[in-house]
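I have placed the structure first, in the form of structure tokens, so that the comments after it can refer back to it.
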Amino acid sequence: MGHGLKCGVAFSFFAVFAAFWYRQQVGNELDSRLETVLTSLLKAERKVDLNQRPRVAVGFGGCLDIVADGIALLKKAGIKPSKNPVHHNFITSEEQLAESFAYFFPPGAASERFISNDTLFRKLVKATQGLPRVRWSLGGNAPVMANRLAKEGCEVLIGSRLTPDLIEVLQEHVTVTSKPVDETDIHLILEYSTGAKWGKLVSRRANRFIVHHDTSNPILESLEDFQAQLQQFKPSLLIISGLQMMDNFPFAPGQLDKRLRLLQDLLLSIDRTTGIHFEMASFVDRSVLSKLLSYVITHVDSLGMNEQELPNLLSMLKGSNITVLSDPYPRVANVLDQMRDVYRILNSQEITSANRRLTRLHVHTLAFQAIVIAKGSSWRNTMSAAAKASLTAHRHVCGSPNIDTSKAKLIMDDSFSISREQGSKKIPLEENRPVSCWEEDNYEICVAPVLVCTEVYQTVGGGDNVSAASLVLQI
Ligand SMILES: *[C@@H]1O[C@H](CO)[C@@H](O)[C@H](O)[C@H]1NC(C)=O
Ligand SMILES: *[C@@H]1O[C@H](CO)[C@@H](O)[C@H](O)[C@H]1NC(C)=O
Ligand SMILES: CC(=O)N[C@H]1CO[C@H](CO)[C@@H](O)[C@@H]1O
């Protein structure tokens with residue numbers, strides 16, 4: 001018995017050592033490939049000429065983001081690590097805040113929660129004062145996407161209510177539909193890095209936990225002003241985002257349906273030549289997500305989401321409960337299978353609206369970008385769009401337009417299966433042609449590896465930047 005145990009220990013030590021050695025070798029080889037992958041992605045990104053200043057309209061949301069080191073902030077506010085990870089739909093007390101953070105922090109899953117307790121929220125905002133490395137920035141999905149789109153050469157209209165000083169931060173060529181307001185809502189972004197420690201808890205990947213006490217964005221206050229100017233603006237693309245603010249918000253009876261019905265009317269009024277993209281985000285309230293399905297998702301041409309939101313939507317489409325947490329490092333084959341399912345179900349007879357059908361599905365993950373496009377649809381340049389999404393992911397997280405390969409790593413495998421089905425084709429990651437595209441049935445798929453940023457500046461707004469950047473090349 002004792003002997004066996006010793007042997008076991010020696011063996012596992014050897015196994016660990018061997019695995020470590022192996023990983024180092026593979027690692028070095030990969031590092032030397034990074035430059036080639038980068039050069040090839042940049043080439044793919046540049047291959048496309050933009051149409052003359054495309055017109056894009058983006059709704060909704062707008063707020064002031066206060067970005068802080070989540071662990072430092074909780075410590076300063078006196079919120080102690082909780083041994084009891086629980087996911088609360090919304091947060092009423094310090095204990096619930098600690099339990100919620102303990103739930104999402106270890107796996108490193110992005111999450112956003114309403115704090116109904118005003119005293120607690122103010123206390124947290126106050127605690128950010130004097131913390132090192134606290135940043136203030138323009139937040140909300142619509143403004144972040146708008147700035148990205150304008151930087152990429154678009155003329156943009158946004159449905160947001162912003163204060164004059166936040167409007168200052170907008171790029172040229174961005175027009176806000178609502179008049180300036182006196183006060184804006186604050187969203188607190190608790191960022192953390194990979195391996196960050198909170199008590200005994202350690203995060204598996206860099207991400208953020210967002211809390212707010214926002215009562216205007218959940219009811220889409222800017223909807224009417226946006227609608228009033230939309231027809232005249234004549235966009236070639238309409239982007240809908242920011243609806244996650246509705247999740248778990250304590251609405252008055254009937255209020256949620258009323259607002260969503262207005263949004264649906266807006267979508268139905270849009271000319272067929274204008275593409276509509278919906279950028280999802282984290283939803284945990286099944287009833288909100290299922291309302292979105294009928295009021296919004298079935299009236300758009302394109303969907304964007306991350307690796308958490310994909311299985312979440314899929315399980316709802318399949319009629320089960322939504323998944324709050326999923327693997328933060330999913331394999332390509334898993335994601336592609338889920339994308340095929342979502343694409344197939346949303347294009348099936350029972351669900352599709354007569355008006356539009358889903359022709360584009362973009363999933364952004366830490367390790368790779370995947371885009372599915374219907375054959376014969378009007379979305380162009382999918383390969384370049386996937387490359388651009390991948391480059392934007394790195395640029396955003398590292399906070400720099402220039403990519404330094406010493407701050408990058410590839411975490412996608414050397415080759416990937418295109419499905420979990422047995423005998424599926426394997427595609428090697430070729431550094432000279434890092435974006436792989438192929439056709440299946442009635443659609444095309446492109447997968448691009450991400451040069452994952454290793455010195456995280458920020459993760460918040462990542463999905464918005466990435467989605468917007470890739471859309472620009474496709475209209
Ligand atoms: C709201 O938060 C404050 C500050 O943390 C706390 O003292 C109070 O008990 C909370 N209220 C409720 C109803 O939990
Ligand atoms: C779904 O959630 C409800 C309510 O939380 C629960 O009663 C039910 O057992 C769950 N069903 C499944 C299949 O997990
Ligand atoms: C990479 C990149 O452009 N990131 C931007 C994402 O959007 C925010 C808000 O517009 C910018 O501050 C980031 O620089």
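Counting starts at 1 for both ligands and their atoms, following the listed order. Quantities reported herein were computed from a predicted structural model and do not represent experimental measurements.
Salt bridge annotation for Arg205-Glu307: present, with a cationic side-chain nitrogen under 4.0 angstrom from a carboxylate oxygen.
With 3.5 Å as the limit, one finds a donor-acceptor pair spanning the side chains of Asn465 and His396. Under the 3.5 Å distance criterion, with hydrogens and angles disregarded, a donor-acceptor pair is assigned to the side chains of His173 and Glu155. Between the side chains of Glu309 and Asn306, at least one donor-acceptor pair of N or O atoms lies under 3.5 Å.
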Would you mind writing out the side-chain donor-acceptor pairs for residues 178-188 within the sub-3.5 Å range, not counting sequence neighbours?
{"from": "Ser178", "atom 1": "OG", "to": "Asp225", "atom 2": "OD2", "distance (Å)": "2.7"}
{"from": "Asp185", "atom 1": "OD2", "to": "Ser216", "atom 2": "OG", "distance (Å)": "2.5"}
{"from": "His187", "atom 1": "NE2", "to": "Asp214", "atom 2": "OD2", "distance (Å)": "2.9"}

Table of N or O contacts for ligand 1, cutoff 3.5 Å:
{"from": "ligand 1", "atom 1": "2 (O)", "to": "Asn117", "atom 2": "OD1", "distance (Å)": "3.2"}
{"from": "ligand 1", "atom 1": "2 (O)", "to": "Asn117", "atom 2": "ND2", "distance (Å)": "2.4"}
{"from": "ligand 1", "atom 1": "5 (O)", "to": "Glu94", "atom 2": "OE2", "distance (Å)": "2.7"}
{"from": "ligand 1", "atom 1": "11 (N)", "to": "Asn117", "atom 2": "ND2", "distance (Å)": "2.8"}
{"from": "ligand 1", "atom 1": "14 (O)", "to": "Thr92", "atom 2": "O", "distance (Å)": "3.4"}

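Ring geometry for His213 against Phe114 counts as parallel: the plane angle stays under 30°, on a 0 to 90° scale with 60° as the upper cut.
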